[in-house]
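The block underneath contains the structure these notes are about, expressed in structure tokens.
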Amino acid sequence: MAYDHREIEKKVQAKWAELDLYRADLSDDPPAGGKEPYYLLVEFPYPSGDLHIGHWYAFAVTDIYARLLRAQGKNVLFPIGFDAFGLPAENAAMKHGEDPKAWTYANMTRMREQLASMGASFDWSKEVVTCEPSYYQWTQWLFAKLFEHGLAERREAAVKWCPKCLTVLANEQVLDGCCERCGTEVEEKRLTQWFLKITQHAERLLTGLDTLPWREEIKEAQRAWIGKSEGAKIKFNVRTSDSESTDIVSPYIEVFTTRPDTIFGATYLVLAPEHSLLQDEGFRKPLMNAKEVEAYVEATKKKTERERSENKEKTGVKLEGVMAVNPATKEEIPIYVADYVLGSYGTGGIMAVPAYDERDREFAEKFNLPIREAEFVDWDTVASIGGEKATQYRLRDWLVSRQRYWGCPIPIVYDPEGTPHAIPAEHLPWLLPTDADFTPTGKSPLASSKELQERVTRIFGEGWTPEYDTLDTFVDSSWYFLRYLDPKDSNAFSDTELMKKWLPINRYSGGSEHTTMHLLYARFFTQALYDLALVPVEEPFTERFNRGLIMGPDGAKMSKSKGNVINPDEFVQKHGADAVRIYLAFIGPYNEPGSYPWNLDGVAAMRKFLERIDRLVDRNIEGLTKSLDTGTECKDFVSPEIQQALARTSVKVAQDGDRFKFNTSISTLMILVNELEKQESISKDTLAQLVIMLAPFAPHLAEDLWEKLGGEGSVHKQVWPAAVVIVASEKEVIVQVNGKRRGSVTLAQDASEEAVTAEALKIPTVAAALGGQEPKRVVYVPGKILNLVV
RNA sequence: GGCGCGGUGGCGGAAUUGGUAGACGCGCAGGUCUCAAAAACCUGUGGAGUUAAACCUUCAUGAGGGUUCGAGUCCCUCCCGCGCCACCA
């Protein structure tokens, strides 16, 4: 008889709610006999409205770990919330004429139910919702702190613009030249925007990685993104090149190079078309082909960086009338403007060494410039010509302004002179106005709010104006894990004492797409707040695991157009939430970013496994009842084999769980069930242990079985079975000849090498393999292996 | 192009970190039950070979070398896949 999962899920979920089972008491203190705190974090969802299979994989499997930890006596904080500001809400609002807020809140209601349906043991009392004023008040407060300390700055810069989302983007949100959200190719503009100065933390973001036990690929991706290069800055004087005068024009051109030792081979200089000298009057004066240069600069402006890099054919224009002087050779060398040099990196100018740089060589060959292999010089020589050691990073400052409505208002006002001021804390939360036309036009929707302007005038006076942009949603999510500790506090963003106790987060599970976005931002935020003595740790996440991807049954990425999308609800209806949970956990290791095809038979197989356990308990409960009826002692005999098996399972399930290898945890449980099924009768205690170990994986069925067994309270409050190990008196030793297995002997644990060897030689296959020869050498690993070498 | 991570049956994946390769599950094959089928259960299942049968032999962890008593695991060379970065000087 198959169990009725729908009824069980309903019943036990109500029971858990009634018992308020998953609330973590954060002040529970270890010295006072409390449990050790463990902060388990999973990236909070965007309220998109429907839980898809990826959500299940993210939350249901991480939940297994939360339950394993609780069973092992940890005080587990496993919170959840919603990353609720963001663009899709506005898009939906435009499409259906709904209010972004109404859309967001309706979705959150729906998702809370769905998250409950998977049996996730979140502590909802700690919920944070980033679009609520009680939350974004503190996003604003923290932004103001960063502003006061010079880490937030408004300035003009070349920025990426998404023509579809009609907003600027951070560098991190541009993937292969396209918008991370919608895939549209981005444009470049020069705009005045708000930046968070993450580049000030480049070095610490780099060195901090060395202290973290993360997988190498995550660290390497961040290192590559930060992109540190060490080299030198060298100044080249510039002269007019008419024959009589060798006037020094405009002070000099400074270049950055990672190879200052090749300066003898620098046969020309190249400026990026964006280089400020090209706009400098003094520099332009002697130019004989200023118009041609101007035309080239203009043509480059029309190209995106992507177009510049896709066209590998080198282009450029020589600056006629000026020459640079190589400070090492004192030689006059030509200066070019070429778009293969980027204005946004280094000094925007390079010394070209065509002998050792592929790109310079291509350019030199095309323009017939000299290619000289040179002697290499040491650092003293470089220093003697004015070279200075310099380090460059690829990382750009984080652009956080967004010309969109549904986001956290930037807590800044401008005085009549246009100088920005942080809005004082007493006026926070600085509310998102409700009278703005949120249709994105490229201009900030908040500019259309009368209420906002009136509010500014009322509070700050005539002539003052509000900031109209909202913050990138990645700012909201850069500190949410701090708020979980104290989500309702209206006096502080978090609680100092609780932060000391609960930070850093023990384990953070999420998606690999956040490696060079959210994960980098959150580290920066934490470091910055650490410097302001607002948080007690420099690194927020001790361990980080990127989970893999669930693919369609055909092995391809799920997409509506391919028709291979798996809807978890169908499987939950048919096989139950527990079967889906176990299937997702069994599919492969959770700590590796692999991609796993959804196997249609897989969930059914997991359901069968659960039914076998259900039957096993039922069958034996009958037996237990009978023995009670006859008055015999119920606590019956447990064979050493079963005791051994229980001990083995208890250790291995917990160990593998700790490595996020739930697949082998479950296979270990399967092996135990296979063994138990062979027993004629099983004691109640044995069944109880099985059910406790099943509970993290199949929380609903386990709770039901626990009740059947007459257990007190909830199975999820039980402690993990202690491993009662029986020390075997005998041990099997593998016998090898020349490293190949030829048999085995079972002898006393402490048998001597001689005794094992003597016994091994009696095995016919061993004797045959030896062919009558005496072993030249014997390798004995006590209790494991005896290798006879001939 | 640079860096990182991988490559194990028909499939997802195991392998105590140098010690019986292929756990567990899917799939497949055969069987029990049935008039039949489904479900359920049982048995088998890397290739090749010897055999009455094998707890027998042999080959096998992308390819080729090496270290070692012993290598999926360590080292070298190469091939392939995935990820990140990429005209970053």
Between B:G66 and B:A14, how far apart are the two P atoms, rounded to whole Å?
31 Å

Within 45° cone of A:Y345 ring axis and under 6.0 Å: A:R396 NZ or CZ
no

Per atom distances to the A:W225 side chain, the nearest of B:C87, B:C24, B:C85 is B:C85

Where the side chain of A:V341 is defined as all heavy atoms beyond and including C-beta, which of B:C87, B:C24, B:A89 is the nearest nucleotide?
B:A89

Using a 4.0 Å heavy-atom cut-off to protein, can you give one letter per nucleotide of nucleotides 11-18 of chain B, 5' to 3': B if the base is in contact, S if only the sugar-phosphate is, - if neither?
-BSSS-B-

Sidechain N-carboxylate O distance under 4.0 Å for A:R308, A:E188:
no

OP1 or OP2 of B:G70 sitting under 4.0 Å from any side-chain N/O of A:R777?
no

Give a yes or no on whether the ring-centroid distance for A:F571 and A:W598 is below 6.0 angstrom.
yes

Taking only the P atom of each, what is the distance from B:G2 to B:U77 in whole angstrom?
14 Å

Does B:G9 count as syn, meaning its glycosidic angle lies within 90° of 0, or as anti?
syn

Nucleotide nearest A:E216 when distance is taken to its side chain, options B:G4, B:G19, B:C84
B:G4

Students often get this wrong, so: under 4.0 angstrom with heavy atoms, is A:D360 touching a base, only sugar-phosphate, or nothing?
nothing

Quick one: which of B:A23, B:G25, B:U57 gets closest to the side chain of A:R742?
B:U57

Counting distance alone, no hydrogens or angles: does the base of B:C69 have a donor or acceptor under 3.5 Å from a partner atom on the side chain of A:N787?
yes

Note: A:E220-A:R223 ion pair, threshold 4.0 Å (strictly below):
yes

Could you check whether A:K608 gets within reach of a base, just the sugar-phosphate, or nothing at all, counting any heavy atom under 4.0 Å?
sugar-phosphate

Between CG of A:L669 and C1' of B:G25 the distance, given in whole Å, is 13 Å

If we take the P atom in both B:G6 and B:U58, what is their distance in whole Å?
33 Å

For residues 777-790 of chain A, dump all side-chain donor-acceptor pairs below 3.5 Å to protein atoms at least two apart in sequence or in another chain.
| from | atom 1 | to | atom 2 | distance (Å) |
| --- | --- | --- | --- | --- |
| A:Y780 | OH | A:G783 | N | 3.3 |
| A:N787 | OD1 | A:N738 | N | 3.4 |
| A:N787 | OD1 | A:G739 | N | 2.9 |

Contact nearer the 5' end of RNA chain B, comparing A:A221 with A:R612
A:R612

A:L610 has an atom CG; how far is it from atom C1' of B:A40, in whole Å?
16 Å

Within less than 4.0 Å of OP1 or OP2 of B:C59, is there a side-chain N or O belonging to A:K740?
yes

Rounding to an integer number of angstrom, what distance separates B:G7 and B:G72 when you compare their C1' atoms?
11 Å

When the nearest nucleotide of RNA chain B is assigned to A:I218 and to A:R394 on a heavy-atom basis, which residue is associated with the more 5' position?
A:I218

Kindly state whether the ring of A:F545 and the ring of A:Y590 have centres lying under 6.0 angstrom apart.
no

Quickly work out the A:Y780 OH to B:G70 C1' distance and round it to whole Å.
17 Å

Any A:T668 side-chain N or O less than 4.0 Å from OP1/OP2 of B:C24:
no

On a plain distance test, is the side chain of A:K776 in donor-acceptor contact with the base of B:C69 below 3.5 Å?
no

Which nucleotide in B:C41, B:C85, B:A89 has an atom nearest any side-chain atom of A:D357
B:A89

Just call it for A:I734: base, sugar-phosphate, or nothing, with non-hydrogen atoms closer than 4.0 Å on any strand.
base

Can you see if the side chain of A:R615 gets near the phosphate of B:C41 - specifically, an N or O under 4.0 Å from OP1 or OP2?
yes

Suppose you measure atom P in B:A60 against the same atom in B:G64; what distance do you get, rounded to whole Å?
9 Å

Proximity to the side chain of A:A605 - top-ranked nucleotide from B:G25, B:G19, B:C5
B:G25

With a 4.0 Å cut-off on heavy atoms, is A:M606 in touch with a base, just the backbone sugar-phosphate, or nothing at all?
sugar-phosphate

Considering only side-chain heavy atoms of A:E217, which listed nucleotide, B:G25, B:C69, B:C5, is closest?
B:C5

Take atom C1' in B:C75 and the same atom in B:U67, then report the distance between them in whole Å.
7 Å

Validate the cation-pi geometry between A:R394 and A:W225: distance from NZ or CZ to the six-membered ring centre under 6.0 Å, angle to the ring axis within 45°.
yes

In terms of side-chain geometry, is the basic nitrogen of A:K228 or A:E203 positioned less than 4.0 Å from the acidic oxygen of its partner?
yes

So which nucleotide from B:A89, B:C26, B:C87 ends up closest to the side chain of A:S229?
B:A89

Take atom CZ of A:R741 and atom C1' of B:C55, then tell me their distance rounded to the nearest Å.
9 Å

Side chain of A:Q736, heavy atoms from C-beta onward: which of B:C85, B:U20, B:A23 has the nearest atom to it?
B:U20

Stems where RNA chain B pairs, listed by first number, each of three or more Watson-Crick or G-U pairs under 3.5 Å
B:1-7 with B:79-85, B:10-12 with B:24-26, B:27-32 with B:40-45, B:46-49 with B:56-59, B:62-66 with B:74-78

Whole-Å distance separating the CG atom of A:N674 from the P atom of B:C41:
11 Å

Quantified in whole Å, what is the C1' atom distance between nucleotide B:G44 and nucleotide B:A53?
15 Å

With a 4.0 Å cut-off, would you call A:R544 and A:E43 a salt bridge?
yes

Categorize A:V789 for me: base, sugar-phosphate, or nothing, with a 4.0 angstrom heavy-atom threshold over every strand shown.
sugar-phosphate

Any base atoms under 4.0 Å from A:R308, or only sugar-phosphate, or nothing? Heavy atoms, all strands.
base

Pairwise P distance for B:A21 and B:C56, with rounding to whole Å
12 Å

Can you check B:U17 for me, syn or anti if syn means within 90° of 0?
syn

Please indicate whether A:E216 has more than 12 foreign heavy atoms, meaning atoms of other residues, nucleotides or ligands, lying under 6.0 Å from its CD.
yes

Could you state the atom-to-atom distance from OH of A:Y268 to C1' of B:A89 in whole Å?
11 Å

Using a 4.0 Å heavy-atom cut-off, does A:R648 contact any base of the nucleic acid, only the sugar-phosphate backbone, or nothing at all?
nothing

Sub-6.0 Å ring centroid separation between A:H518 and A:Y508:
yes

Euclidean distance, atom CZ of residue A:R607 to atom P of B:C26 [Å, nearest integer]
15 Å

A:L209 has an atom CG; how far is it from atom C1' of B:C85, in whole Å?
15 Å

Salt bridge or not between A:K562 and A:D554? Use side-chain N to carboxylate O under 4.0 Å.
no

Establish, yes or no, whether a centroid distance under 6.0 Å links the rings of A:F697 and A:F609.
no

Under 6.0 Å between ring centres: does that hold for A:Y336 and A:F363?
yes

